[in-house]
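Working notes for the structure below.
What's counted below: heavy atoms across the whole structure, side chains too, no hydrogens, waters or symmetry copies. Throughout, a chain's letter reflects where its sequence line sits, starting with A, and its residues are numbered from 1.
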2 protein chains.
Amino acid sequence: MLGMNDVTQQQSTRCDACTVRHRAVCGALSQKEIERLNAIARHRTVPQGQAIVGDQDRVLSFANIISGVVKLTKTLCDGRQQIVGLQFASDFIGRPFRDRSAYEATAVNDVHLCIYDRRQFEHLVREFPGFERRLFENTLDELDAARDWMLLLGRKSAEEKVASFILMVSKKMDGVSRQGGDGRPAKFELPITRTEIADFLGLTIETVSRQVSRLKSEKIIALEGLRTVAVLDVPRLEQASSG
Amino acid sequence: MLGMNDVTQQQSTRCDACTVRHRAVCGALSQKEIERLNAIARHRTVPQGQAIVGDQDRVLSFANIISGVVKLTKTLCDGRQQIVGLQFASDFIGRPFRDRSAYEATAVNDVHLCIYDRRQFEHLVREFPGFERRLFENTLDELDAARDWMLLLGRKSAEEKVASFILMVSKKMDGVSRQGGDGRPAKFELPITRTEIADFLGLTIETVSRQVSRLKSEKIIALEGLRTVAVLDVPRLEQASSG
DNA sequence: CGCCTGGTTGATCGTGTTCAATGACTGTGG
DNA sequence: CCACAGTCATTGAACACGATCAACCAGGCG
């Protein structure tokens, strides 16, 4: 799914040492199969803010995210923007069976990718039915997530949207980078800026800021700097998000 | 994907005579394969307004829509509702590889379905790789459509939403039931009520009504009764929808 | 005829946007 | 070291779009 304008680093790799191997779509492959995949894989680092694939660019590659965050955006002609997907480590990037992407993929921070040539990759997909199955399931999950977000975009208030977002991030980060021991999420970094949160929630940056402040003043969350959030009261945050 | 509470009619069928065979997912099957599918297919008519599968119901079947319109909805605990998908003749209903549906499917009008037992269907999917591929591509298209709708829900004004909806319906109906000869769409029926349009666009019924009236007074569309729309000025409708 | 459902139209209200000023933090150069 | 610019976020005030509340209309049906 990568264009060709964004190479900053390129090296070959070994799947054995891969930190996301078991969680990513490659997890569906046998040792023999993964060696075949390994043969066509290359690593790349895409710096923050750089496009991974432009809207309507030809799709030349697929990729797995090894680290970092990628946003998928759609933009109206007058510049209004909507984030239609956020992808994290182990997520798959690419649109099989279509030449052109329907949206733009951008590195939110420095992103480390494991990329595959489109044609070779599709050939492997054809060869390994379990692999295609895994990609299919992956797509079904993304569809479910997109439809969840449609409910949020169409029917939730600003406060509910912001609460839902913080809750979603806390769940994504859960088990990945959260601190605070035991059962409940404690402290984590928001992966994106206020502007990006606004573009994700269909709000303005000011409204996002106000709602975050509101959650803070209600002692539901606490902030440390701009990015670090601590959830103080999970039940009330869930209540504020209305499911 | 059907529950068990909604049988009104049931008979066996022949795929040969099927009106949607070539457009539906079954189109990917060979003659031999389609006979196997035919063996597990049953027809049902679900009357208007009846649930085809409830939110979180166990998914017992998959289905193709032979005629009629199905809405997929998500509902918040307080009753706010969002339509997350509209399915027409030849569309596939069901969520492979998951026991439970994440949303409710309801018959918008009397719907004629060709249904398959879940277990038998999944067995066939495993047997016919081309079939799985077709379902996969279908899901990718639905994902693209869902993300298009996210842009509309998050970033478009009420007027743009209504114009986009009419344009979308005119395109869906194009080649199916449109009148008016030559190239451009002319007259067609809106498949859903104002309330449903509102739930689809994330608006209230009053706002939908006002925007429709507005497009009418601007001579961009004309109405015949409540459901029949004639598009008088396609370019201006497209302009009003902002892409 | 009255009732019911679905739709339109009007008046008012409130949430979220817009416009604008201020604050917090970072990196740069004198 | 501090001044300065630049980015990102917060906060305030005014406004506007769409929601809400309410009245009315049209068609279908007992």
| Is there a side-chain contact (heavy atoms from CB on, under 4.5 Å) between B:His43 and B:Cys114 once you walk through the steps? | CA-CA 5 Å; B:His43 279 196; B:Cys114 181; 3.9 Å; yes

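- The separation between A:Arg80 atom CZ and D:dC17 atom C1' is 13 Å, rounded to whole Å.
- If you take CG of A:Leu203 and C1' of D:dC17, they are 15 Å apart, rounded to a whole angstrom.
- Side-chain N/O atoms of B:Thr207 include none lying less than 4.0 angstrom from OP1 or OP2 on D:dG18.
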Readout for nucleotides 23-30 of chain D: B = base within 4.0 Å of protein heavy atom, S = sugar-phosphate only, - = neither; 5' to 3' it is --------

What side-chain donor-acceptor pairs closer than 3.5 Å can you find for residues 219-229 of chain A, not counting sequence neighbours?
residue: A:Glu224; atom: OE2; partner: A:Lys187; partner atom: NZ; Å: 3.2
residue: A:Arg227; atom: NH1; partner: A:Leu190; partner atom: O; Å: 3.0
residue: A:Thr228; atom: OG1; partner: A:Glu189; partner atom: OE2; Å: 2.5

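- A salt bridge links A:Asp199 to B:Arg155: at least one charged side-chain nitrogen sits closer than 4.0 Å to a carboxylate oxygen.
- Residues passing the side chain to side chain contact (heavy atoms under 4.5 Å, CB included) test with B:Glu196, sequence neighbours excluded: B:Lys71, B:Ile83, B:Val108, B:Ile192, B:Thr193.
- Electrostatic pairing of A:Asp141 and B:Arg98 counts as a salt bridge here, judged by a charged N lying under 4.0 Å from a carboxylate O.
- Annotation: side chain to side chain contact (heavy atoms under 4.5 Å, CB included) contacts of B:Asp91 (sequence neighbours excluded): B:Ile65, B:Gln87, B:Phe88.
- Using modelled atom types, no side-chain atom of A:Trp149 and backbone atom of A:Asp144 make a donor-acceptor pair closer than 3.5 Å.
- Toward the 5′ end of DNA chain C lies the nearest nucleotide of A:Thr204, the other residue of the pair A:Leu226 and A:Thr204 mapping further downstream.
- Qualifying side chain to side chain donor-acceptor pair (under 3.5 Å) partners for A:Ser213, counting only residues two or more places apart in sequence or in other chains: none.
- Salt-bridge check for B:Arg147 with A:Glu142: passed, with a basic side-chain N closer than 4.0 Å to an acidic carboxylate O.
- The CD-P distance, from B:Glu206 to D:dA22, rounds to 12 Å in whole Å.
- Protein chain B touches strand DNA chain C; the 5'-most and 3'-most nucleotides with an atom under 4.0 angstrom of its non-hydrogen atoms are C:dG7 to C:dA11.
- Using a 4.0 Å heavy-atom criterion, one finds that B:Thr193 contacts the sugar-phosphate atoms exclusively.
- Checked by atom type, the side-chain pair A:Ser164/A:Lys156 shows a donor-acceptor distance below 3.5 Å.
- For the contact set between residues 149-167 of chain A and DNA chain C, defined by any heavy atom under 4.0 Å, the members are A:Ser157, A:Ala158.
- Listed by chain and number, the residues in a side chain to side chain contact (heavy atoms under 4.5 Å, CB included) with A:Ser90 are A:Val20, A:Arg23, A:Ala24 (sequence neighbours excluded).
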Check residues 201-211 of chain A and write down every donor-acceptor pair under 3.5 Å in which the side-chain atom is one partner and the other belongs to a residue at least two apart or another chain.
residue: A:Thr204; atom: OG1; partner: A:Thr207; partner atom: N; Å: 3.3
residue: A:Thr204; atom: OG1; partner: A:Thr207; partner atom: OG1; Å: 3.1

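- With a 4.5 Å cut-off on side-chain heavy atoms, B:Leu86 and B:Val70 do not count as touching.
- The shortest distance between side-chain heavy atoms of A:Lys74 and A:Gln81 does not fall below 4.5 Å.
- Rounded to 10 degrees, the angle separating the terminal helix axes of the helix from C:dC1-D:dG30 to C:dG30-D:dC1, each built from five base pairs, is 10°.
- The heavy-atom pair separating A:Leu153 from B:Gly154 by the smallest distance is CD2-CA, 4.2 Å.
- Contacts between residues 208-217 of chain A and DNA chain D, defined by a heavy-atom separation under 4.0 Å, are made by A:Ser209, A:Arg210, A:Ser213.
- Look at CG on B:Asp78: it is 11 Å from P on D:dT20, rounded to the nearest Å.
- Remark: B:Ser157 pairs with B:Glu160 by the side chain to side chain donor-acceptor pair (under 3.5 Å) rule, at least two apart or across chains.
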